[in-house]
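Reckoned from all heavy atoms, side chains included, excluding hydrogens, waters and symmetry mates. Below, read A as the first sequence line, B as the second, and so on, with proteins coming before strands; counting in each chain starts at 1.
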Amino acid sequence: MSVVTRFAPSPTGFLHIGGARTALYNWLFARRHDGRYLLRIEDTDTAREVPGAVEQIIESLTWLGIPPDEPPVSQRARQERHAEVARQLVAMGRAYYAYETPEELQAMRERAIAEGRPPRYDGAWRDRDPADAPPGVPGAIRLKAPRQGETVVEDLVQGTVRVANAELDDMIILRSDGRPTYLHAVVVDDHDMGITHVIRGDDHLTNTFRQCQVYDAMGWARPAFAHIPLIHGQDGAKLSKRHGAVSVLDFRDQGYLPEAVANYLLRLGWGHGDIEVIAMDEAARIFDLADVGRAAARFDYQKLAHLNGIWLRRADDERLTRLVLERLARRTEGAVGAITAERIAKLMAGLKERARTLEDLTDAAAFLARTVPLPMEPKAEGLLTPEARIALRELAASWNGVAWEPAALEAATRAHAEAKAMKLKDLAMPLRAALTGSTTSPPVFDVAAALGREETLARIAAVSG
RNA sequence: GUCCCGUUCGUCUAGAGGCCUAGGACUCGGCCCUUUCAAGGCCGCAACACGGGUUCGAAUCCCGUACGGGACGCCA
């Protein structure tokens with residue numbers, strides 16, 4: 001039987017990073033087994049739906065490199081089918097109509113809690129004659145759950161999980177207004193979509209027992225379940241905005257690379273020996289649910305940043321140049337010139353070595369887009385002493401006739417320093433300040449080469465008069 | 001309250017009874033390299049929640065305790 005997995009978010013907002021990991025694991029598992037990975041939108045609650053959420057979820061998944069294999073399925077569109085199954089269950093004697101009002105149920109729950117009992121439906125209508133039904137009142141359909149024995153789930157991550165059926169009450173599967181409840185709709189959809197493996201957050205673990213009862217009542221084969229732990233913030237509480245970015249698109253906007261985010265998410269709660277840096281195609285070959293941990297993991301932004309630095313250095317220079325130009329254009333609210341683009345492309349190899357995020361990279365590349373006089377950082381200004389300015393003027397003069405490429409410039413500068421009995425450092429640092437306005441940059445002769453002869457001399461002239 | 005799940009360095013993890021004086025990674029500190037900053041290399045700090053068992057031997061198996069999380073809705 002071929003594997004079919006699904007990611008099933010509700011369209012109540014942006015795609016949370018925790019949801020992204022769930023999607024990633026579904027994607028990896030499907031890839032690993034040459035199966036299909038589907039997306040289902042759990043949109044039965046129209047009141048909570050956020051406009052544009054579906055598009056944003058798909059955009060997020062696509063950015064991460066894990067778009068669904070097929071167009072998304074809308075749960076709402078399948079409501080008639082959910083209702084049909086619920087009625088079928090009634091016809092089979094596995095479900096029944098119950099007529100308590102929501103207010104009565106609420107009161108029942110409160111009373112139970114006050115008396116120290118578990119808040120469960122008492123099953124009042126379970127054995128009552130349907131003829132007793134109050135006229136004109138639409139009932140809700142409840143599943144007639146087994147009262148003896150236990151329900152056992154063989155979870156691929158959590159192991160064997162069991163609960164006494166006496167702990168479970170008769171859940172509502174179809175609301176009195178005819179709309180299905182989530183627990184029921186999920187089962188019907190997963191069955192109809194041929195889902196073989198349900199991989200989801202472990203907040204659904206205890207719901208699984210009830211869902212299994214629906215499968216069992218319908219005589220449907222249960223899919224395999226895998227409940228993965230949730231992601232927490234640094235303080236152990238559920239990851240939320242106050243911890244930092246939580247939406248996938250936030251990470252994109254903050255300058256993280258999708259392959260780094262995916263890599264980090266994969267390693268958060270999953271391990272495979274000592275490997276840390278792993279590409280998704282490689283991961284798809286070795287991913288195993290048995291290697292997923294069972295405890296909640298805390299999100300560590302620093303480790304993500306470190307990983308992002310690694311992927312940044314591995315990334316193609318052309319791609320990075322394009323991404324930096326986009327960011328630069330957004331900052332200056334205008335297109336960046338061809339000359340700047342050329343300089344950035346030329347220096348990218350040195351630039352990316354020093355950055356962790358695209359934001360860092362853009363900061364570091366910004367000086368290439370400027371014109372004289374350059375804004376100077378205080379530390380850079382400090383390097384440009386009167387003596388240093390004179391030395392720079394002499395250095396520039398000594399470059400006459402030198403080939404404009406890093407090795408030749410460096411050789412010429414070293415020779416000049418030696419002739420002047422100066423340390424290379426005492427020329428290189430002021431030069432860096434003059435060319436970049438900063439005390440840190442890629443190797444300064446690479447900078448000079450990227451800037452070109454004319455611009456380099458102009459920048460030196462601007463500080464040495 | 002009831003039920004379910006979990007617990008290895010600060011964090012992510014390796015570990016499936018002897019290979020563990022517990023390994024790797026992030027962070028932090030030191031050194032090296034070096035025109036700066038990074039990157040890289042080397043070194044260091046730092047953990048099996050606790051208590052009982054089982055066993056010749058337990059981070060690994062069993063039980064209990066503590067702590068953490070989750071679920072108990074005509075939300076998803």
Side-chain angles (χ1 to χ4, degrees), chain A residues 8-12 42-45 47-48 75 98 100-102 105-106 109 112-120 139-142 153 155 158-159 161-164 166-169 171-177 179-183 185-186 201-210 227 229-230 232 234 236-238 264 267-277 293-307 309-310 313 350-356 360 364 379 383 410 413-414 417 423-429 431-433 436 438-445:
Chain A
S10 57
T12 49
E42 314 255 70
D43 51 4
T44 52
D45 187 352
R48 294 208 309 159
Q75 189 159 68
E100 290 85 0
T101 64
L105 293 172
Q106 180 64 27
R109 258 193 305 278
I113 289 170
E115 292 169 14
R117 287 179 293 115
R120 287 195 260 282
I141 297 181
R142 282 183 183 268
V153 175
D155 193 278
Q158 305 291 339
V161 185
R162 53 183 71 220
V163 69
E167 297 293 334
L168 273 18
D169 63 0
M171 67 161 168
I172 290 174
I173 57 178
L174 198 71
R175 286 179 258 254
S176 49
D177 65 3
R179 287 159 54 237
T181 57
Y182 164 78
L183 252 19
V186 164
D202 73 4
D203 49 338
H204 289 291
L205 183 58
T206 51
N207 285 333
T208 306
F209 299 119
R210 312 177 109 93
H227 288 91
L230 267 18
H232 288 170
Q234 209 77 107
K238 196 172 159 189
Y264 180 72
R267 281 287 290 105
L268 192 64
W270 175 89
H272 188 83
D274 285 341
I275 61 167
E276 296 283 347
V277 181
R294 291 196 265 204
R298 298 182 186 208
F299 199 96
D300 184 352
Y301 291 91
Q302 284 190 305
K303 190 155 184 177
L304 201 215
H306 173 260
L307 225 31
I310 290 173
R313 270 171 263 132
L351 249 16
K352 72 180 181 185
E353 190 78 19
R354 295 163 170 73
R356 301 190 117 196
D360 297 344
K379 272 193 203 162
L383 284 170
E410 179 171 347
T413 305
R414 281 186 188 277
K423 285 192 213 155
L424 181 61
K425 182 181 181 172
D426 294 327
L427 278 175
M429 284 308 288
L431 179 60
R432 168 170 289 113
T436 69
S438 162
T439 54
T440 68
S441 82
V444 74
F445 301 111

Heavy-atom contacts, protein to nucleotides 44-50 of chain B, under 4.0 Å, summarised as B (base), S (sugar-phosphate only) or - (none) per nt, yield -------

Under 4.0 Å protein heavy-atom contact, by nucleotide of nucleotides 9-23 of chain B - B base, S sugar-phosphate only: --SBSS--------B

Take nucleotides 32-39 of chain B nucleotide by nucleotide from the 5' end and write B, S or -, depending on whether a protein heavy atom sits under 4.0 Å from the base, only from the sugar-phosphate, or from neither. ---BBBBS

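Listed pair A:Arg109 / B:C74 meets the phosphate criterion, a side-chain N or O lying under 4.0 Å from OP1 or OP2. Look at A:Arg294 and you'll find a side-chain N or O under 4.0 angstrom from OP1 or OP2 of B:G6. Regarding contacts with the backbone of B:A76, a side-chain N or O of A:Arg175 is found under 4.0 angstrom from either OP1 or OP2.
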Extract from the structure each pairing of a protein N or O with an N or O of nucleotides 59-67 of chain B at less than 3.5 Å, listing the distance.
none

Restricting to nitrogen or oxygen on both sides, can you table the protein-nucleotides 1-4 of chain B pairs closer than 3.5 Å?
unit_1: B:G1; atom_1: O2'; unit_2: A:Gly116; atom_2: O; d: 3.3
unit_1: B:U2; atom_1: O2'; unit_2: A:Glu167; atom_2: OE1; d: 3.1

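Of the two residues near RNA chain B, A:His204 and A:Gln158, the one whose nearest nucleotide lies more 5' is A:Gln158.
Under the rule for a ring-ring contact (aromatic ring centres under 6.0 Å, His included), A:His306 has no partner lying at least two apart in sequence or in another chain.
Note on A:Ser176: a base of the nucleic acid sits closer than 4.0 angstrom, heavy atoms only. Backbone-only contact: A:Asp203 has heavy atoms under 4.0 Å from sugar-phosphate atoms and none from a base. Residue-level contact check: A:Leu105 touches the bases, meaning some heavy atom is under 4.0 Å from a base atom. Counting non-hydrogen atoms under 4.0 angstrom, A:Thr44 reaches the backbone sugars and phosphates but no base.
Electrostatic pairing of A:Glu276 and A:Lys303 counts as a salt bridge here, judged by a charged N lying under 4.0 Å from a carboxylate O. Ion pairing between A:Arg210 and A:Asp169 holds under the 4.0 Å rule for side-chain N and carboxylate O.
Summarising the base pairing, B:C3 is matched to B:G70 through a Watson-Crick or G-U wobble pair whose two defining distances lie under 3.5 Å.
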A:Leu230 and A:Asp202: side-chain contact (heavy atoms from CB on, under 4.5 Å), yes or no, with the steps? CA-CA 7 Å; A:Leu230 267 18; A:Asp202 73 4; 3.9 Å; yes

